[in-house]
Amino acid sequence: MVETLVPDALWQIVQRVLPRPPSPSRGGRPRVPARHSLAGILYILRWGLPWRALPPALGFGSGRTCQRRFQEWQQAGVWMRLWRILLDQAHHEGHLDWSRAALDSASVPAPRGGQATGPNPTDRGKAGSKLHLVIDGQGTPLALTVTGANIHDSRQLEATVQAIPGVRSGGRGRPRCRPAKLHADKGYDFRRCRIFLHRRGIKPRIARRGVESRETLGRHRWRVERTLSWLLAYRKLAVRRERQEATFLALGQLACALLVWRQMGRLSGYPRAPSSS
């Protein structure tokens, strides 16, 4: 089960970003292996279980142990570094399409409330959050941000585009963080959005309200909707139960890293990471 959830090739990359474990103390229980804890974290992410409900029979350690390990690695910035390393590798192998990108959001319920939540106007004012996602032309996730469900999509365009990390190809030159074009729906049809993109050197391809039908840009924008559906197939993201914004965002970063790994497998025949389907 551990090798299925964390394949050898993926584990080799994860080991590069994990902090060095503390020295073993004399006496007491032995520390759960990091690979087993990661497998437990991925199991929780996929099925959306409460941490305490992780079945001990799976051999991943207790749910509380996996939760502590997740938070420890979150504070060390492991999940974002893993995502960035995988993007670097995808860029080096020519699997990122910088000719165009797409931006969209998805709302999720947040029954426990917490940071970056708000009344969802599409869910009778119940508490919720939004996941804002930028993808490349292939559907590979490049950036993710979290807001309350009551925040208008256009208000988060700048922060989400700026969240695209500098991706290196392994050669000389500056890291790449700007697609040539950005596709978005009419929810982003505001002058401030177009001005920001122009200043960043990105050509806006935003549907205009009352002018263009929503199908005009659909031949490119459908990929971001597909990637959002892949992201929310990880059930820990589909219903937000983490009150801390940083914890929920870290879960999203881990899911995005896994989606990059899956894309690399689809495009080049790599062993695939745990599927969200």
Side-chain angles (χ1 to χ4, degrees), residues 80 83-84 86-87 90-91 95-108 116 120 122 128-149 151-165 167 176-190 193-194 196-197 200 202-209 212-235 237-238 240 248-249 251-267 273 275-277:
M80 189 61 214
W83 184 7
R84 192 165 185 168
L86 289 169
L87 285 174
H91 185 39
H95 296 322
L96 292 185
D97 180 4
W98 291 99
S99 65
R100 64 183 77 250
L103 168 66
D104 206 350
S105 71
S107 297
V108 298
N120 187 347
T122 65
S129 293
K130 272 186 182 179
L131 293 168
H132 303 262
L133 181 71
V134 177
I135 63 162
D136 78 332
Q138 297 278 5
T140 304
L142 297 176
L144 181 73
T145 60
V146 177
T147 66
I151 302 300
H152 197 275
D153 288 352
S154 65
R155 296 291 180 184
Q156 194 64 11
L157 179 142
E158 294 186 19
T160 308
V161 171
Q162 289 174 335
I164 300 175
V167 180
R176 180 81 185 257
C177 62
R178 299 178 186 178
K181 303 176 184 178
L182 181 72
H183 296 263
D185 62 25
K186 298 178 183 180
Y188 302 89
D189 184 22
F190 291 88
C193 295
R194 299 177 188 277
F196 168 76
L197 292 175
R200 295 276 294 180
I202 302 171
K203 183 177 180 180
R205 295 292 291 120
I206 301 174
R208 297 182 182 273
R209 293 188 297 268
E212 296 172 292
S213 68
R214 62 180 298 163
E215 288 78 18
T216 303
L217 302 178
R219 64 183 181 274
H220 301 298
R221 208 174 57 239
W222 66 269
R223 289 185 176 86
V224 68
E225 297 173 355
R226 179 189 64 178
T227 304
L228 280 168
S229 71
W230 287 344
L231 197 64
L232 296 183
Y234 291 103
R235 297 184 187 179
L237 298 177
R240 175 181 170 180
F248 186 62
L249 179 59
L251 287 167
Q253 291 169 346
L254 174 56
C256 286
L258 295 176
L259 291 181
V260 175
W261 180 257
R262 287 179 59 192
Q263 282 286 81
M264 292 169 63
R266 183 179 68 85
L267 296 172
S275 172
S276 62
S277 59

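The chain is numbered in sequence order, starting from 1.
From Arg208, atom CZ reaches atom CZ of Arg194 across 4.0 Å, with rounding to the nearest 0.5 Å. Rounded to the nearest 0.5 Å, atoms CG (Leu232) and OG1 (Thr227) are 11.0 Å apart. Separating the NZ atom in Lys203 from the NZ atom in Lys181 is a distance of 5.0 Å, to the nearest 0.5 Å. Atom CZ of Arg209 and atom CG of Asp185 lie 10.5 Å apart (nearest 0.5 Å). Atom CG of residue Leu231 and atom CG of residue Leu251 lie 10.5 Å apart, to the nearest 0.5 angstrom.
Under the side chain to side chain donor-acceptor pair (under 3.5 Å) criterion, Gln253 pairs with no residue at all, not counting sequence neighbours. Considering only residues two or more places apart in sequence or on other chains, Ser105 meets the side chain to side chain donor-acceptor pair (under 3.5 Å) condition with Asp153.
Nearest heavy-atom pair across Ser99 and Ala180 is O-CB, 3.4 Å. Residues His152 and Phe190 share a closest heavy-atom pair of CE1-CE1, 3.6 Å. Summarising the geometry of Pro165 relative to Cys177, their closest heavy-atom pair is O-CB, 3.6 Å, with the distance given to 0.1 Å. Heavy-atom minimum distance, Leu133 versus Val224: O-CG2, 3.9 Å. Nearest heavy-atom pair, Arg100 versus His183, reported as atom, atom and distance to 0.1 Å: NH1-NE2, 2.9 Å. Of all non-hydrogen atoms in Arg240 and Ser129, the two that sit nearest each other are NH1-OG, 2.8 Å.
Remark: side-chain polar atoms of Arg262 are not paired, donor with acceptor, to backbone N or O of Met264 under 3.5 angstrom. Judged by distance alone, with hydrogens and angles left aside, the side-chain atoms of Asp97 form no donor-acceptor pair with the main-chain N or O of Asp136 at under 3.5 Å. Not one N or O on the side chain of Thr140 forms a donor-acceptor pair closer than 3.5 Å with the backbone of Val260. Side chain of Arg223 to backbone of Ile135: no donor-acceptor contact under 3.5 angstrom is found. Of the possible donor and acceptor atoms, none in the side chain of Arg200 sits under 3.5 Å from a partner among the backbone N and O of Gln162. Not one N or O on the side chain of Glu158 forms a donor-acceptor pair closer than 3.5 Å with the backbone of Phe196.
Considering only heavy atoms from C-beta on, Leu258 comes within 4.5 Å of Tyr234 through its side chain. Using a 4.5 Å heavy-atom cutoff, the side chains of Ile164 and Pro179 are in contact. By the 4.5 Å heavy-atom criterion applied to side chains, Arg178 and Val161 are not counted as neighbours. Contact check for Leu87 versus Arg84: no side-chain heavy atoms found under the 4.5 Å cut-off. Inter-residue side-chain proximity for Gln156 and Thr145 is flagged as met; some heavy-atom pair is nearer than 4.5 Å.
Around atom CZ of Arg226, more than 12 heavy atoms belonging to other residues, nucleotides or ligands sit under 6.0 Å away.
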Next item on the list: Take Ile151 and Lys130 through the side-chain contact (heavy atoms from CB on, under 4.5 Å) test and state the conclusion after the steps.
Entry: CA-CA 8 Å; Ile151 302 300; Lys130 272 186 182 179; 5.6 Å; no

Notebook entry, point to check: Please walk me through it: do Leu144 and Trp83 pass side-chain contact (heavy atoms from CB on, under 4.5 Å)?
Noted result: CA-CA 11 Å; Leu144 181 73; Trp83 184 7; 3.9 Å; yes

Notebook entry, point to check: Can you check side-chain contact (heavy atoms from CB on, under 4.5 Å) on Val108 and Leu237, steps first, answer last?
Noted result: CA-CA 8 Å; Val108 298; Leu237 298 177; 6.0 Å; no

Next item on the list: Test Leu157 against Leu197 for side-chain contact (heavy atoms from CB on, under 4.5 Å), laying out the working first.
Entry: CA-CA 9 Å; Leu157 179 142; Leu197 292 175; 4.1 Å; yes

